[in-house]
4 protein chains.
Amino acid sequence: MKVRRARGKPARERGADVPRPSNTDERRGQIVDGLLDVMAREGYARATIAAIGKAAGLTPGLLHYHFGNKQEILVALVERLAAVLDARVEARLAAAGETPRRRLHAFIDASVALGEDADPRAVSAWAVVGAEAIREPQVRALYTQAVGTMLSRLRALVSACLREERRTTRNAGRIAAAVLTAIEGAYRVSAAAPGVLPEGFAAPTLKRMVDGLLQAEEES
Amino acid sequence: MKVRRARGKPARERGADVPRPSNTDERRGQIVDGLLDVMAREGYARATIAAIGKAAGLTPGLLHYHFGNKQEILVALVERLAAVLDARVEARLAAAGETPRRRLHAFIDASVALGEDADPRAVSAWAVVGAEAIREPQVRALYTQAVGTMLSRLRALVSACLREERRTTRNAGRIAAAVLTAIEGAYRVSAAAPGVLPEGFAAPTLKRMVDGLLQAEEES
Amino acid sequence: MKVRRARGKPARERGADVPRPSNTDERRGQIVDGLLDVMAREGYARATIAAIGKAAGLTPGLLHYHFGNKQEILVALVERLAAVLDARVEARLAAAGETPRRRLHAFIDASVALGEDADPRAVSAWAVVGAEAIREPQVRALYTQAVGTMLSRLRALVSACLREERRTTRNAGRIAAAVLTAIEGAYRVSAAAPGVLPEGFAAPTLKRMVDGLLQAEEES
Amino acid sequence: MKVRRARGKPARERGADVPRPSNTDERRGQIVDGLLDVMAREGYARATIAAIGKAAGLTPGLLHYHFGNKQEILVALVERLAAVLDARVEARLAAAGETPRRRLHAFIDASVALGEDADPRAVSAWAVVGAEAIREPQVRALYTQAVGTMLSRLRALVSACLREERRTTRNAGRIAAAVLTAIEGAYRVSAAAPGVLPEGFAAPTLKRMVDGLLQAEEES
DNA sequence: CATGAATGAGAATTCATTCAT
DNA sequence: CATGAATGAATTCTCATTCAT
């Protein structure tokens, strides 16, 4: 079995000769990117080691030097997709100031922008990840965690809005869930049935939608 | 290559020879059901001919007698899922009477109920279909068509509501898209991250959501 | 295992009801013709039972009612091809009178005409038979016998010519073999590389060739 | 799909890494030889990947590493058979000097010697190739090309002889075709009906045959 | 680190043959 | 006789993974 090196730990000072500086992190990044590339185009099943390697410009053997097996690459990709989304949300929230409604809208913008200013491959790949999650416990765990994190955040943002407007927060969870499913559904439909959704419908409509849902809650 | 017989062709009555009546339709149904079963549990890639056959109680060779290849089974399944959903929507719309708002709500109920009173396997399978659609043109075509049909219907229902309330129908398409993505997202999240969504959130929240969106349109 | 009925023996008086007249011979003929058809176009390997059946307008099950297995059909076809050739040779020899040279020329005409006035499928099929003969002892036996018969006949004709011209018959076997190989080669090349051979070259050139060979034998 | 590497590409000299030198050419040669072996004995249909691998002492998976599919192996074999024959003809022509008649005889010797001093498997294999050519366009193309090349060469040689003897070259094409078919027929009959042809008849008889044909042409 | 040949366990598909009706 | 569903063995091809160099 292959040894898994801790990421970032340079494997230096290993022989008597001049040690080659470790490029593990770079290589792992390349490989994950290769998977993203292939998976977005062809799905996970066709993402063979050879195909990933070709997309990454690396040889099959090398993939197994840096990853123990194929699934580890998928896991790394899911982690990366989640991290990227997370970072974008974080950034936009930071820029949105303190007004609850503004922050909620910023969250929606950040999420849906995944398909606009960001890597469109990520949208397709995320759709595939959802299908892989059905059968692969480890992927499911990561997907569930990513979705759960989003949901918690949304709930907090929704609650803040409701509180500010002195409305009951009783349904905050459901409202958050509605937003979340609309976002996930938008990813999925735009990946699997491109052209069906109206151009640029997502962000404005979702924001109006959540505004309507907030307003429908009774004042306390 | 296997020939696909016209479904339902009755055994011909020629002379004294009355061979066994064709059971092709029944068998094809069994096989499609086997795929539904396996796919909901394990995804399409793991839905091997052997696995489908086992789930259907049939031998591998027989699957290829009734279907030319594996993809044809998938196509038949997608067609069936779409038809079932369509039938349910049709039935509920018929029962909903003529009030536009009622009909729109009935549509949402019918769609989301896919995961409640109906086959929960269909939800998972539909999530997998979305991923297969990314790479398989024929599946994509069917998925796109199914989604497109839903969208048209929703748009008509939304427009009717808006007209009744004397509001502009300018954004009918976007509102319909929001509902559609929320429905598709609900399927997906509940299949790929079960337990994350609040129990029974979907139908009531989606109805409230669409009501809010309708109300936000300006009167004409 | 299937029972093989003697050909031509009608299977009558078999039940209490009005016996269906046997159509075995007709059916067997159809089937052999189906094989000829498919084999000429696609080779023996692609001549599946289903394909033969389709070409013959019969169902797979029926083929195995009339033939014990696939190879028996091939054997019947080889026998038929040989018989047809034989009959044509016989007919032309009968029409050629008694002059040895004339008879020899008639033989060549009859053989090569296989590809001209006769079924062109037979030429292709015969080429395929040669390949099957390499591995199938039973086919090889039939092919060898057919070729052996031709060779003996040719040798006799050649000897008669030589004797008439008072030449040594020492090389009659070799001359006959040369004619035979040229005939067989013409079949093969025209089947496997159509268009390469000059149109209608065969009969006149072969006759001139054998005349040259005869003349080269020394007088005794 | 397997990629076909340029044959003969030397291992690159980059940095300290000197991986194992490619043995692709050697392996491909082994595999083609395995096919030759099996095909000569059992025909193409029985030349399964497993059988070829066994004959070559390689595992089935490896065959598909070096060849994209089974047919590519066949194509490589046909190319090799044609090249070998071509090389032998070339060599004998070179050794035959300038006399036209001598060169023509050398050609016949070279061709027919395929079955004498050379690999007898090649004769059988060539017979099988002819049958495969009937259905496989790529094989047919190669076979047609090989036969066409032989025919052109023969025609040139025949014409040279006729010119030297001041005879008309009008029938050069037909004479060449006669020689060609006799050669091809000799291959075929000796492969498919071994023992029927007189021992060692081919070369001398064919030479006498062509001499007779040449002499029959009228002087100009 | 890197290469790519090698392996072997599947997976889809084909097809002769059987057999209930 | 006839049908065509059913079986199961065989076959091609794929691919993750290993490993010598």
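Per chain, numbering begins at 1; letters A, B, ... match sequence-line order.
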Here's a test of your reading of the structure: between B:Gly61 and A:Lys70, which maps to the more 5' nucleotide of DNA chain F? B:Gly61
If you assign each of A:Ala50 and D:Arg46 to its closest nucleotide in DNA chain F, which residue comes earlier from the 5' end? D:Arg46
Rounding to an integer number of Å, can you tell me how far [X] [atom1] sits from [N] [atom2]?
{"X": "B:Phe67", "N": "F:dA5", "atom1": "CZ", "atom2": "P", "answer": "13 Å"}
{"X": "D:Glu42", "N": "F:dT11", "atom1": "CD", "atom2": "C1'", "answer": "15 Å"}
{"X": "C:Arg27", "N": "F:dA2", "atom1": "CZ", "atom2": "C1'", "answer": "9 Å"}
{"X": "C:Gln71", "N": "E:dC15", "atom1": "CD", "atom2": "P", "answer": "18 Å"}
{"X": "A:Ile52", "N": "F:dC15", "atom1": "CD1", "atom2": "P", "answer": "11 Å"}
{"X": "C:Lys54", "N": "E:dC15", "atom1": "NZ", "atom2": "P", "answer": "13 Å"}
{"X": "D:Leu63", "N": "E:dA5", "atom1": "CG", "atom2": "C1'", "answer": "13 Å"}
{"X": "A:Tyr65", "N": "E:dA5", "atom1": "OH", "atom2": "P", "answer": "21 Å"}

With sequence neighbours excluded, what pairs up with D:Gln71 under the side chain to side chain contact (heavy atoms under 4.5 Å, CB included) test? D:Tyr44, D:Asn69, D:Val75, D:Glu136, D:Gln138
Under the side chain to side chain contact (heavy atoms under 4.5 Å, CB included) rule, collect the residues that match up with A:Ala125, sequence neighbours excluded.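 Per chain and number, A:Ala125 pairs via side chain to side chain contact (heavy atoms under 4.5 Å, CB included) with A:Leu36, A:Met39, A:Leu81.
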Kindly say if [X] contacts the phosphate of [N], meaning a side-chain N or O under 4.0 Å from OP1 or OP2.
{"X": "D:Asn23", "N": "E:dA6", "result": "yes"}
{"X": "C:Thr24", "N": "F:dC1", "result": "yes"}
{"X": "B:His64", "N": "E:dT13", "result": "yes"}
{"X": "B:Thr48", "N": "E:dG10", "result": "no"}
{"X": "B:Thr59", "N": "F:dA6", "result": "no"}

At their closest point, which heavy atom of C:Val128 faces which heavy atom of D:Ile134, and how far apart are they? CG2-CD1, 3.5 Å
Name the residue closer to the 5' end of DNA chain E, choosing between B:Ile49 and D:Pro60 according to the nucleotide with the nearest heavy atom. D:Pro60
Closer to the 5' end of DNA chain E via nearest nucleotide, is it B:Ala45 or A:Gly57? A:Gly57
With C:Tyr143, which residues qualify under side chain to side chain donor-acceptor pair (under 3.5 Å), at least two apart?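 By the side chain to side chain donor-acceptor pair (under 3.5 Å) rule, C:Tyr143 matches C:Glu184, D:Arg188.
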Taken in chain and number order and not counting sequence neighbours, the residues that satisfy side chain to side chain donor-acceptor pair (under 3.5 Å) with A:Arg135 are A:Glu132
Taking any heavy-atom pair under 4.0 Å as a contact, classify C:Leu62: base, sugar-phosphate, or nothing. base
Check whether any side-chain heavy atom of A:Lys70 lies under 4.5 Å from a side-chain heavy atom of A:Leu74, and answer yes or no. no
Donor-acceptor contacts under 3.5 Å from residues 45-57 of chain B side chains, at least two apart:
| unit_1 | atom_1 | unit_2 | atom_2 | d |
| --- | --- | --- | --- | --- |
| B:Thr48 | OG1 | B:Ala51 | N | 3.0 |

Could you give the angle between the helix axes at the two ends of the helix from E:dA2-F:dT21 to E:dT21-F:dA2, with five pairs per end, rounded to 10 degrees?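 If I round to tens, the end axes sit 0° apart.
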Can you check the distance between E:dC1 and F:dT21, where both ends of the measurement are the C1' atom (answer in whole Å)?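 E:dC1 and F:dT21 have their C1' atoms separated by 13 Å.
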Between the side chains of B:Asp33 and B:Arg28, is the shortest nitrogen-to-carboxylate-oxygen separation below 4.0 Å, so that they form an ion pair?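 Judged by the 4.0 Å cut-off on N to carboxylate O distance, B:Arg28 and B:Asp33 do not form a salt bridge.
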